[in-house]
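For reference, positions follow the sequence shown, starting with 1.
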Amino acid sequence: VTMVLLLIFLAVSAAFAQGARISNKHIAAAFQSDGSLTFLAANDTATNLIATPLHNYLTLTLVDDAGKSDLVLPGTTDCRATVNDTTVTVHCLNVTSSHSNAVNLDVQVDFILTQDSAVLNPDVTITNNKPNARVALWQVALSFSVISDPSDRVFFPAGYGVELTLPTSRSATYPSSPATMQFIASGGSTLRQHQGLYFAAHDPNAHIKDLVVHATRDTTTLSIILLVENAGLAFTNYKVPFSFALGVTTSAPLWYNAAQFYRDYVLTNAAWTQAGPIDQRADMPDWHVNNSIWINSGWQCHDIFNDTEGDPKTVLAVTQQIRERFNRSMSLHWYEWQQGPDPSPSARYRFDTHYPDYLPARGGDYFGTVVKQLQAEGVNILPYINGRIFDQASVSYKRDDGGQYCCMKADPKFGANELSFYDESYGSGSSFHPADPTTSYWQEALAKTVDALVNQYGVEGVYLDQLGAGAPTPDWSRNHSHPLGGGAYWRDGIVGIIKAIRRVVGPVAPMVTESNAEAYMDVISGYLTLVAFDPPFAEGGSEVLVPAFPSIYGGWFVGFGDIFNAADLVDQRPLSARIVAQFVYGSQMGWFSLVGVTSGPNVDTSCGEMGELDDWLSPKADPIVAQLQALADARRNLLEYLAHGRLMKPVVLSPLPTTFTATSSPTRNPGPFASAMTAVWTNKAENKLIVVAASAVPEAQAFDTSLNLHDYSSTISGSVDVYNLNLPNGPRSYNSTQDVADVRLTLSLDGLGVIGYEIELNSGKN
């Protein structure tokens, strides 16, 4: 009897200590009675990702007259965890602060897990019991720490995505080029059955937030920090206006499985997916979607241009030469087209000056003449304007008191009354304030320029710089019609810019921008993917590019471009590797700079000499020209996949491709590069797959790979038919019929060659 009573006592004590537990077939979590998180795994019997109880997963940043202070919960606060069928509620009552006796809050975190959900959704609500006190909310942060080991990886959503080796730290403000999406992840090692932690903001409206990872060889902490609406102002109640999400990945690779958690949410719920995939959009004309090659009229990382870059006569001559050399249609990104009101060369508005003033065009009507001539020769024209920054020296700024339309930052104190401008400057030396995109003044100023470019000069689209690349500059200006500090107004403002443009140019002309920030996908017609292709393409360093973005949004966006310089045409393998990466990951290739600064103090030392035309015209470039032509043709024959489908789980090649680094310098991405790259794509109907591979070296190579098609389709069984695609121009031919669980392929690549197989998922017999 004594032993039975002891066992009952231990069981009751253990249950009390555990507090609350919730699980389904995808995820399991347990909390102590004080609200600390003690268990997180793919199921009740899987290895726990939590090393020690997490007492500090919620941080509230408060401000008073003296500045900021943090409350960390549950911490040592009097919190209690309770559970019902679908929710664990952690409730902390009468929370006070040692920093200020004016603080008294009730805080509630509901961890919601419905029966079929793959993720656990924390929701945060805060009630201020002293709303008249001079204390306000500034930020709300959730952070979760998991066990890590040296073989783990961390996923961060910079560009298309990067996987980082441990130890590492990374942070960025969303939405922007270094944080294009709202999820991060960690784990994936075999020691915990490939389990990894997926942590996301399932935020359909793109509120301003920071994503942060910090990983040692023992512990990785993933954090999402929300700048609240009306940060610094008195408040009574605040509820985070979206759900966070925790999921556990259970197979390799980490990045792909985490991306599918995110895809399942955003395609249905996000505001930026409501315009539909690209084949349903008027602003995605065939010439734009089907394009394979980009050039630019001359660009420098250093942002200082010479007088020939953008000159219409020069642009006409060099574009005609490269068009003849490549013998393919292409799109031209035209820099330095602007003149300003004074026609003299010395008075021309140079790059990164006078924004948002550009007109009239350089050469006047002759600019439009060149546009029409190049269009007739198969070149589509998209000139450059900047969509984000206001030059304090511009006529518009001086005439219209431009500061009233710009963003202002606030010192983190109660009332947020101490305001100042954000100041930015680039290679030109001009001083800029970021404009508030929600103001009708800024929207109409940009629309006026686009109107002239499209309707007067006849261009087919316009590039608006920095809209996708630049992080929001939170604004506390009292005369702007949006919440102060935090909120979703940055997306709303950029959507407003494009809507203002559409009112004057109609629905068709593509409006493109720099970098693939997801939040603007419904109004932006294309993304310049310089940041996406900046990391190394092969493992061997602290980070590697992973194509999470096209695995989520394939068929919903157009990506184009990487940075190339003249040195790439000396050692052609890195250049080949770059266009191969663009091809296999579905991007339009190139963005080759035709003219550039080649001598003097303004030579670009960070990205290298950009004037590449003579190198492209040299016979030494014949092999890389032939490869570019072949990949352009292959892309056009695979648009069903590379433009309208999506990227799938990668295959592993045997043997692994060799790697190499760039030998010519300077270069923005020195590698390592892989001698061959491959990808798996599905079509929109998801009834076919392709496996494509392309070589970055002149030597022949051969690889074997295999696919278990259950990883690509949940309903497939029996056998499938496999076809040779005979790239670049086909037609396809029958290869074999194989078992769905073990499709084996041999990838025999000629030097600088391309190969592909097509698998019909519903073709075989059960």
Side-chain angles (χ1 to χ4, degrees), residues 13-23 27-41 48-63 68-84 86-113 119-130 135 137-147 186 197 199-201 209 212 214 219-226 228 235 237-240 242-248:
S13 298
F16 179 78
Q18 186 180 43
R21 194 175 190 94
I22 194 168
S23 65
I27 189 170
F31 299 80
Q32 290 183 151
S33 59
D34 65 358
S36 300
L37 179 63
T38 58
F39 182 85
L40 188 66
N48 189 6
L49 296 177
I50 306 297
T52 58
L54 297 183
H55 304 289
N56 57 350
Y57 50 78
L58 176 63
T59 300
L60 307 180
T61 299
L62 306 174
V63 292
K68 293 196 299 185
S69 62
D70 289 338
L71 279 177
V72 180
L73 302 171
T76 58
T77 305
D78 184 16
C79 300
R80 289 291 180 266
T82 58
V83 63
N84 63 25
T86 62
T87 305
V88 170
T89 296
V90 177
H91 205 175
C92 306
L93 298 176
N94 299 311
V95 177
T96 59
S97 169
S98 59
H99 182 77
S100 171
N101 59 14
V103 175
N104 190 291
L105 307 174
D106 290 346
V107 181
Q108 181 170 317
V109 185
D110 293 313
F111 292 87
I112 302 168
L113 182 65
V119 295
L120 181 66
N121 293 123
D123 288 352
V124 180
T125 305
I126 302 157
T127 301
N128 188 1
N129 297 321
K130 292 184 177 181
V135 175
L137 194 60
W138 193 265
Q139 292 175 331
V140 174
L142 275 181
S143 302
F144 294 94
S145 298
V146 294
I147 304 168
S186 175
L197 178 64
F199 184 34
K209 58 182 68 71
V212 182
H214 179 71
T219 304
T220 298
T221 301
L222 308 179
S223 303
I224 298 177
I225 305 169
L226 175 70
V228 304
F235 78 106
N237 299 294
Y238 181 77
K239 179 176 174 60
V240 171
F242 55 84
S243 294
F244 296 93
L246 292 167
V248 179

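- A heavy-atom distance below 4.5 Å is not found between the side chains of T220 and L197.
- Listed here is the closest heavy atom pair of N121 and A245: ND2-CB, 3.6 Å.
- Rounding to the nearest 0.5 Å places CG of N104 at 7.0 Å from CG of D106.
- With ring centers used as reference points, F111 lies under 6.0 Å from Y57.
- Taken to the nearest 0.5 Å, the CH2 atom of W138 stands 12.0 Å off from the CG atom of L62.
- Taking the side chain as every heavy atom from C-beta outward, R21 and V83 never approach each other to under 4.5 Å.
- We find the CD-OG1 distance between Q108 and T89 to be 5.0 Å, quoted to the nearest 0.5 Å.
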Evaluation steps, side chain to side chain donor-acceptor pair (under 3.5 Å), between S36 and H55: CA-CA 5 Å; S36 300; H55 304 289; 2.5 Å; yes
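- Here the OG1 atom belonging to T77 is positioned 12.5 Å from the NE2 atom belonging to H91, to the nearest 0.5 angstrom.
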Full working for side chain to side chain contact (heavy atoms under 4.5 Å, CB included) between L137 and L60: CA-CA 7 Å; L137 194 60; L60 307 180; 4.3 Å; yes
Step-by-step side chain to side chain contact (heavy atoms under 4.5 Å, CB included) determination, Y238 to V140: CA-CA 10 Å; Y238 181 77; V140 174; 4.3 Å; yes
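- For N128 (side chain) and L105 (main-chain N/O), no donor-acceptor pair under 3.5 Å exists by modelled atom type.
- By the 6.0 Å contact criterion, CG on N101 is open, its count of non-hydrogen atoms from other residues, nucleotides or ligands being 12 or less.
- Here the shortest heavy-atom pairing between S100 and V135 reads OG-CG2, 3.9 Å.
- In this structure, N129 and T127 have side chains that are in contact, with non-hydrogen atoms separated by less than 4.5 Å.
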